[in-house]
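Structure first, then comments.
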Amino acid sequence: MTSKNLGNVLIRSDLNVPISNGTVLDNFRIKKSIEYIEELQNISSSVTFISHLGRPKGTEESLSLKPISDEMSKLLNQDVVFINNNLDEDIKNILKTKEKGIFLLENLRFNEGEIRNDEKFAKSLARPFDTYILDAFGASHREHASIVKIGDHLNSFQGPLMSKEIEELDKVLNVSNEDFTIILGGAKLSDKLALIKRLLPRINSLLIGGGMCFTFLKALGHNIGNSLCEDEFIESAKEILDSADGKKITLPIDFGVTKTIDSHARNDIQLSQFSDDDIGVDIGKETVNIFQEILSKSRTIFWNGPMGVFEVDEFSYGTKEITKAIAEMEVYSIVGGGDSVSAINKFSSLEKFNHVSTGGGASLEYLEGKALPGVNIYNQLII
Ligand code: AMP
C-alpha cells in the first residue's frame, strides 16, 4: 500500500551491527536498511531511523548508535543527523530544521520501556511522527515497544526489506523436496534442532558440518576426541538419525583437527583416526568433495552456519571451499545471516547469492514455524 505523502516517517530498522572503538566492522545490515531511502524520501517530509544495538544495561556509551549515523552518512553521501536520545520533546522541531532530512535516534534499549513493550514509551516515541514502518526483520521475533506497541499509535506499514525477507524464507518453506538441499554448520546443534525437525521431511538432503556435526557423530558411536559436543542433545540427534528422514543426512568423513584452537596447528585425519585430545575444527577435503557433489545436484540451497572455525585461516578451508562452490553454482541460494554472511564477505561476494538474510535468530525462528510478533502484522508498504 502506498500513500501520497507519509509525512514524518519513523522507520524501525535492524542496525544492530558489530562496532569496535567507534568503528562499524560490518555494514551489511546498514546497507540493506537504506537501500530504498530515495524512494522513501520522495513520499515523506523526513525519515527517522530507530534501532537497538546490543543489550545495554541502562545507557552505555559503547552501545551508542552515533557510529551508525556516521556510517550511514558515508554510505548515503549526505548528512544523517544523529539525535542523542529518542524521547526528546524537541524532536518535532528538529525534524523541521531539514527539509527531506534523514535522522537517527539513540539506541532504543537505553529506555527500559522498549523491551517491556511499554505502552507509555511507545506513545512518547511515536508522538513526533505521522507514519511508522517496521523494516527490522532481525528484531521481529521480539515483542518490544518499537515493534509491536508502537503500531497502535501511528499509521503503520511493513517495510520492503522485511517483506522481501519473508518472501525468500517462504521459498525455503514451500520448495519441492526433489531439488532442495540444506547445509548447516556453526557451533551448536541445539540452536538448529527445531529447524532440522521441521524442514527435514520437506527436503532432499541435509549436509551437516561445523561444531554441530559432532553431536550426531557421537550419537552414532564415533570417537570425536575433544570436539564440541552437546551431550544433552545426543538422544535428539539419535532420534533424527534413526527416523526415516535421517537417511537424508550426510555427515563429514574427514576433518581438520588441532590439539588447541589457539595454536592454529592443523592436522588432517579420517573420522576413524580421532585421538582423545583431537578437536575437530574444520571439515576435510573428501567431505568438501562429497558436499559439493550433492550441492551441485540441487536447484535450491539454504545455508546457515560455517563449516569450521573459519575465523582462523588454518581452519577455514571447508567454509571457504563451500562458500566459493555455492557462489559459482547455477542454483537458487538463500543464506541465513550472521557468520555465514561474514564468511561470504571473506571468501566470495554477497552479489553471488540470491538472497542473504539480515536476520540471524529471527530467520531460524521463522523457519522453525514460530509465529513472530512483528511478522505480517502491518500492511505492506509498496514503493
Ligand atoms: P553459530 O552462531 O551457531 O552459527 O556458530 C558460529 C560459530 O561456530 C563460529 O564462530 C565458528 O567459529 C564456530 N564453529 C564452527 N565450527 C566449529 C567447530 N568445529 N568447533 C568449534 N566451533 C566451531
Side-chain angles (χ1 to χ4, degrees), residues 16-18 25-26 28-29 54-55 138 141 182-196 199 206-219 222-231 233 236-237 251-271 273-275 277-285 287-288 291 302-323 326 334-347 356-368:
N16 185 30
V17 297
L25 301 179
D26 178 351
F28 173 62
R29 280 182 169 164
R55 295 181 176 193
H141 55 324
I182 294 184
I183 174 160
L184 295 178
K188 290 200 214 147
L189 168 60
S190 51
D191 289 345
K192 287 161 192 156
L193 197 60
L195 173 99
I196 293 175
L199 293 184
L206 171 62
L207 313 178
I208 299 180
M212 62 186 282
C213 75
F214 295 106
T215 306
F216 283 102
L217 291 169
K218 193 163 174 185
H222 295 286
N223 178 17
I224 55 163
N226 232 345
S227 306
L228 206 67
C229 181
E230 290 175 284
D231 285 331
F233 289 97
S236 308
L251 293 163
I253 56 166
D254 62 337
F255 300 86
V257 298
T258 190
K259 303 291 182 197
T260 59
I261 291 188
D262 289 345
S263 73
H264 294 197
R266 176 185 179 122
N267 188 20
D268 277 88
I269 61 165
Q270 296 293 312
L271 175 57
Q273 294 173 316
F274 263 93
S275 323
D277 58 352
D278 277 333
I279 306 170
V281 283
D282 195 8
I283 56 172
K285 207 170 177 174
T287 304
V288 166
F291 282 10
F302 174 70
W303 172 35
N304 187 302
M307 295 293 104
V309 184
F310 75 106
E311 298 91 339
V312 177
D313 283 349
E314 289 80 356
F315 310 147
S316 68
Y317 165 80
T319 307
K320 189 194 321 183
E321 293 306 314
I322 293 295
T323 308
I326 300 175
I334 300 173
V335 182
D339 285 299
S340 313
V341 179
S342 316
I344 293 174
N345 276 324
K346 204 165 168 185
F347 306 125
V356 181
S357 178
T358 54
S363 21
L364 292 180
E365 286 193 23
Y366 187 77
L367 292 174
E368 284 167 15

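For reference, positions follow the sequence shown, starting with 1. In each ligand, atom 1 is the first atom listed, and ligand 1 is the first ligand listed.
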Residues Asn223 and Ser275: closest non-hydrogen pair is ND2-C, 4.2 Å
Result for side-chain contact (heavy atoms from CB on, under 4.5 Å) between Ile183 and one of Ile208, Leu206, Leu207 points to Leu207
Near Phe214 (heavy-atom distance under 4.0 Å), the atoms of ligand 1 are 19 (N)
Note to self: Looking only at side-chain N and O atoms, does Ser340 offer a donor or acceptor that is under 3.5 Å from a partner on Asn304?
What the structure shows: no
shortest atom 15 (C) of ligand 1-to-protein heavy-atom contact is with Gly308 O, 3.2 Å
Nearest heavy-atom approach of Thr215 to Ala237 is O-CB, 4.1 Å
Q. Just checking, is any N or O donor in the side chain of Glu230 or Ser190 under 3.5 Å from an acceptor N or O on the other one?
A. yes
So the atoms of ligand 1 within less than 4.0 Å of a heavy atom of Val281 turn out to be 19 (N)
ask   = With ring centroids as reference points, do Tyr317 and Phe310 lie under 6.0 angstrom apart?
value = no
Counting heavy atoms under 4.0 Å, the part of Glu311 that contacts ligand 1 is side chain
Those residues at least two apart in sequence (or on a different chain) that pass side-chain contact (heavy atoms from CB on, under 4.5 Å) with Thr260 are Ser263
Atom 19 (N) of ligand 1 sits nearest the protein heavy atom Gly280 O, 3.0 Å
For Asn345, the side-chain hydrogen bond (donor to acceptor under 3.5 Å, both in side chains) test, sequence neighbours excluded, returns none
Contact region, Val309 to ligand 1, non-hydrogen atoms below 4.0 Å, reads both
among protein heavy atoms, the one nearest atom 6 (C) of ligand 1 is Asp339 OD2, 3.1 Å
Atom 4 (O) of ligand 1: closest protein heavy atom, distance to 0.1 Å, is Lys192 NZ, 3.4 Å
Atom 17 (C) of ligand 1 sits nearest the protein heavy atom Gly211 N, 3.3 Å
Notebook entry, point to check: Taking the non-hydrogen atoms of Phe315, is any one of them nearer than 4.0 angstrom to ligand 1?
Noted result: no
In this structure, atom 3 (O) of ligand 1 is nearest to the protein heavy atom Ala187 N, 3.2 Å
One finds that the ligand 1 atoms under 4.0 Å from a non-hydrogen atom of Gly186 are 1 (P), 3 (O), 4 (O), 5 (O), 6 (C), 8 (O)
Taking every heavy atom of Phe28 against every heavy atom of Thr358, the minimum-distance pair comes out as CE2-CG2, 3.8 Å
Short version for Asp282: what comes under 4.0 Å of ligand 1, heavy atoms counted, is neither
